[in-house]
Amino acid sequence: MCVCICEILVTLLDTRTVPGELKWAANPAEGGWEEVSIMDEKNIPIRTYQVCNVLEPSQNNWLRTDWIPRSGAQRVYVEVKFTLRDCNSLPGVTGTCKETFNLYYHESNDDKESYIKESSFIKVDTVAADESFTQVDVGDRIMKLNTEVRDVKVTTRKGFYLAFQDVGACIALVSVRVFYKTCPLTVRNLATFPDTVTGADTSSLVEVRGSCVNQSEEREEPKMYCGADGEWLVPIGGCLCKPGYEEEGGACKACSAGFYKSKASDPGCFKCPPHSRSLRDGANVCDCHTGFFRADADPPSMACTQPPSAPQQLISVVNETSVVLEWAPPRRLGGRSDISYSLECLIYSASSNQLCLPCGSDVHFSPDQIGLQTTRVVVSKLRAHTHYSFIVHARNGVSQVSGAGASQSASVSLTTNQAAPSPVSSIQLTDVTRHSLSLAWQQPDRPNGVILEYEVKFYEKDQRERSYRIMRTFLRSVDVAGLNPLTVYVFHVRARTAAGYGEYSAPFEFSTNSDPFPLIGEGVNSAFLLLSVSGVGILLLISAAVFIISRRRSKYSKTKQDAEEEKHLNPGVKIYVDPFTYEDPDQAIHEFAKEIDVTNIHIERVIGIGEFGEVCSGRLRAQGKREIYVAIKSLKAGYSDKQRRDFLSEASIMGQFDHPNIIRLEGVVTRCKPLMIITEYMENGSLDAFLRKHDGQFTVIQLVGMLRGIASGMKYLSDMSYVHRDLAARNILVNSNLVCKVSDFGLSRVLEDDPEAAYTTRIPIRWTAPEAISYRKFTTASDVWSYGIVMWEVVSYGERPYWDMNNQDVIKAIEEGYRLPAPMDCPVVLHQLMLDCWERERADRPSFSQILNMLDKLIRNPGTLRRTGGERYIIHINTYRCKQAYTEITLQEMDRLGIITPSHQDILIASVQQEMLSQMQHMQHSMVPV
Ligand code: AMP
């Protein structure tokens with residue numbers, strides 16, 4: 001809407017509105033101006049002054065108004081309405097007739113000046129008529145009315161007088177109006193500008209400062225100019241509605257509920273952002289809904305948000321004294337993107353038996369411990385063999401303000417492995433002679449176990465590491481003799497624990513003392529010189545030999561390790577070829593096995609009795625290769641063709657495999673008698689005997705490590721579509737590093753050959769899946785069943801599955817749903833895995849790949865292995881007579897009662913013979929029938 005800001009005229013005098021006579025001062029009082037009352041055009045009586053002395057010369061008739069108060073005006077306007085008689089129309093007038101009059105003013109504080117002091121008046125103008133009339137026709141009221149306006153600056157006194165001088169005209173002052181102009185009160189840019197009297201001069205501008213309207217604040221000083229004609233000009237600056245208010249029709253109106261305005265400069269009120277509200281009018285910010293928050297730095301326009309939920313799927317992979325923690329972002333990010341993670345590290349305090357101590361500052365977190373943007377951290381420099389807990393907190397911008405708890409977290413507990421010791425940090429020289437140096441050092445900062453010995457490596461500085469010597473000591477000092485005089489030697493020391501050698505220390509240089517003998521050319525004894533030179537030569541030779549041997553050794557182990565790792569990484573996708581598909585068994589054997597020259601085999605001792613004869617250990621030195629320890633199986637004399645074929649078939653099968661958890665075939669001897677199969681030597685022999693020998697000596701993690709190896713080997717076999725059929729702890733071999741390897745690849749053939757096998761003693765009933773027993777359905781799934789039995793054997797340290805039950809009872813029990821109970825101290829998860837392997841339906845059993853994943857997960861989260869059957873369970877009991885009951889019982893108690901528990905978790909379903917119930921009732925008074 002356009003509002004006209006027109007000037008306002010303030011009237012100081014208007015003769016038309018004066019009631020009664022004006023009674024202005026006139027000079028002369030008689031015969032000059034005369035007050036005459038007439039009717040105006042609307043028939044309202046008005047007061048006029050007239051004079052018409054046109055016939056008399058030298059007229060000087062003054063008429064003066066009453067005192068007019070200025071009332072703050074600086075320039076006043078005088079509007080005179082008058083009629084004037086045309087001199088020509090007056091008959092008989094001579095040169096005395098005038099057609100103008102003069103307007104005067106005089107400023108004064110005195111409102112009661114009694115007479116007209118002409119000299120104090122200042123002339124404003126001579127006023128002439130635009131229209132004059134020739135005839136006064138009072139009867140018809142025909143008058144030519146002139147209107148003239150003059151403006152006068154009145155600034156010096158409180159008021160003023162106006163005067164009209166007639167010098168001989170015929171004139172009637174119909175009305176006189178005196179007024180001044182103001183710029184009217186107005187609002188521009190939310191600032192109010194008051195009614196303002198215009199300035200004194202016609203060109204003057206009055207600068208006016210505006211004041212902000214209610215609920216507004218100054219943006220820039222609001223100013224405007226009031227022009228002489230009463231119009232506002234050039235608005236500058238202005239105001240803005242305060243937060244919570246918006247402009248409407250030049251005023252500031254409160255934002256209604258559900259809306260807000262946060263800044264004065266915002267263009268208007270906005271709807272509350274998501275998850276917030278404003279209940280009252282005039283909100284400058286919306287309040288968050290319960291459970292939602294706003295961070296200090298969040299703009300009010302942003303939706304209210306929530307702290308994130310906990311990180312998910314936290315996994316840890318322990319590598320010696322380092323651990324890699326990885327997790328997935330929280331399921332709920334709370335509507336924000338500024339998530340960060342921080343890690344809390346707690347160390348298990350053996351003394352207080354509690355997880356309470358924060359890890360020290362020596363633990364290293366990469367990339368960082370707090371403010372993490374990634375979901376992976378490598379924590380290193382942990383103590384070996386130590387239990388830690390890591391808590392991963394997820395935070396975002398509102399975690400702090402959301403109060404309690406501040407962050408959601410996920411945690412994982414783990415135990416670090418053994419690790420090699422850290423390097424020796426410094427070596428001190430304790431004594432020096434011409435030919436010897438005595439050195440000492442401190443134990444490494446982190447020995448990570450009991451230090452078994454130190455290895456000192458040294459060489460002449462000039463020789464660099466081309467030729468070095470090694471000394472070993474149990475002490476933290478060494479005397480190195482046989483050195484050259486005045487020679488700088490470089491020393492490195494490293495420590496060894498059960499976990500192996502740590503890294504060498506940094507190099508430390510020490511010099512032997514100078515030789516007292518004179519130098520060549522200065523009269524040296526030539527015999528001594530010869531001796532010394534040859535001595536040094538021999539020393540160098542020995543050093544060189546030591547160097548070469550040690551280099552070869554270390555290269556061997558490295559190569560072997562690399563090869564094993566590489567193989568493991570690329571497990572091959574070959575398919576197993578049944579050697580019995582070859583018509584000529586010798587063709588198969590030479591395709592898959594290498595013929596070994598018997599002269600390269602050195603048999604040492606008998607280590608076992610196999611199906612076809614003795615098994616010996618010995619050494620194999622193949623052409624151009626290092627000597628290795630091997631096991632040698634031989635086929636005893638007097639064998640049949642079939643026996644020869646069966647014997648060699650194992651080598652043909654074994655020769656197709658290449659995996660760190662499958663026994664490796666080195667080769668065969670077929671060209672001379674006895675026939676031999678040469679395999680890698682497994683120092684600890686078969687797994688069942690090994691476990692029985694070390695009953696209770698391993699940690700659960702070590703046992704799971706063994707199981708993992710077997711599962712990995714079996715996965716490899718199943719990937720190659722090979723079904724083992726005789727998987728049992730007795731057919732697993734263990735080397736000196738506790739690595740378990742699957743062996744014995746003879747049975748697959750035997751069973752196939754013998755249709756009665758299921759009913760003979762040859763079938764390993766206790767290890768074999770029911771479908772393989774009943775209808776010879778041997779598959780990888782039946783190998784999985786056997787693997788479950790191997791798990792049970794391992795966890796029970798070589799116990800015989802189903803103890804002394806006979807085979808027929810075992811078959812019957814399995815048929816009726818009985819399963820082996822968890823061995824003592826068996827983690828619940830492991831027993832569950834066994835039970836899964838023993839699912840009646842072979843399709844319900846896990847694959848080896850799944851088993852391997854499961855075991856890897858357990859190894860990464862050893863905490864999950866802590867729960868054993870010692871906890872109390874609610875047991876649901878199904879009796880033979882279909883009665884049901886439940887009671888509380890531990891797995892050990894069930895074991896003692898001989899209850900075989902086929903189910904899992906916290907609620908176990910057990911089938912119990914009726915007579916056992918009474919025993920249980922006796923033991924558990926809490927048993928309640930359902
Ligand atoms: P087998 O005929 O494979 O069952 O072997 C009989 C026994 O010889 C096994 O129980 C082991 O104790 C031993 N044996 C077989 N192969 C090896 C090997 N590669 N290393 C060490 N011992 C072995």
Side-chain angles (χ1 to χ4, degrees), residues 560 564 579 589 592-594 596 600-620 622 627-637 639 642-669 674-694 706 709-710 713-714 717 722 724-751 761-764 766-767 786 789-790 793-794 797-798 800:
K560 184 178 163 198
E564 292 221 341
I589 194 78
F592 300 121
K594 199 168 63 189
I596 289 179
N600 291 334
I601 301 167
H602 180 81
I603 296 177
E604 281 178 345
R605 62 192 174 89
V606 176
I607 53 169
I609 300 294
E611 201 195 330
F612 299 96
E614 284 168 351
V615 181
C616 299
S617 68
R619 279 170 289 141
L620 168 69
E627 190 173 67
I628 55 167
Y629 284 95
V630 288
I632 305 143
K633 280 188 186 180
S634 41
L635 180 60
K636 56 183 178 256
Y639 53 81
K642 181 177 177 305
Q643 278 173 321
R644 178 181 187 274
R645 199 180 157 130
D646 286 345
F647 177 75
L648 290 179
S649 74
E650 185 176 15
S652 301
I653 296 167
M654 218 189 300
Q656 297 182 49
F657 304 140
D658 184 8
H659 186 271
N661 297 103
I662 304 290
I663 198 82
R664 190 179 65 250
L665 177 74
E666 295 294 344
V668 288
V669 177
L675 298 190
M676 293 181 206
I677 296 176
I678 320 294
T679 62
E680 68 178 309
Y681 179 60
M682 301 293 282
E683 293 83 347
N684 282 313
S686 57
L687 179 61
D688 58 342
F690 173 69
L691 287 171
R692 282 195 282 271
K693 194 166 141 202
H694 296 281
M706 294 180 204
I710 303 166
M714 288 308 296
L717 294 182
Y722 177 80
H724 190 289
R725 304 175 188 225
D726 194 12
L727 181 59
R730 63 179 173 279
N731 289 329
I732 304 293
L733 293 167
V734 187
N735 73 8
S736 56
N737 294 324
L738 294 193
V739 175
C740 289
K741 307 202 180 196
V742 180
S743 83
D744 220 358
F745 301 97
L747 192 74
S748 55
R749 196 66 247 155
V750 176
L751 285 174
T761 50
R762 299 212 53 173
I763 196 152
R766 281 151 218 274
W767 282 265
S786 313
I789 304 290
V790 172
E793 290 184 276
V794 168
Y797 284 91
R800 179 173 162 77

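Ligands are counted one by one from 1 in listed order, and the atoms in each one are counted from 1 as well.
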- Message: I need the minimum non-hydrogen distance between I596 and G667, along with the two atoms involved.
- Response: CD1-CA, 3.5 Å

Between ligand 1 and the protein, find all N/O pairs closer than 3.5 Å and give the distance for each.
{"residue": "ligand 1", "atom": "2 (O)", "partner": "K633", "partner atom": "NZ", "Å": "3.4"}
{"residue": "ligand 1", "atom": "3 (O)", "partner": "K633", "partner atom": "NZ", "Å": "2.5"}
{"residue": "ligand 1", "atom": "19 (N)", "partner": "T679", "partner atom": "OG1", "Å": "3.1"}
{"residue": "ligand 1", "atom": "19 (N)", "partner": "E680", "partner atom": "O", "Å": "2.9"}
{"residue": "ligand 1", "atom": "20 (N)", "partner": "M682", "partner atom": "N", "Å": "3.0"}

- Between H724 and Y722, which heavy-atom pair has the shortest distance, and what is it? CA-CE2, 3.6 Å

- Contacts of type salt bridge (Lys or Arg N to Asp or Glu O under 4.0 Å), residue R692, not counting sequence neighbours: D688

- Message: Taking ring-ring contact (aromatic ring centres under 6.0 Å, His included) as the definition, give me every residue that meets it alongside F647, ordered by chain and number, with sequence neighbours left out.
- Response: F612

- Query: salt bridge (Lys or Arg N to Asp or Glu O under 4.0 Å) with E650: which residues, sequence neighbours excluded?
  - Reply: K633

- Crowded around E614 CD? As in, over 12 foreign heavy atoms under 6.0 Å? no

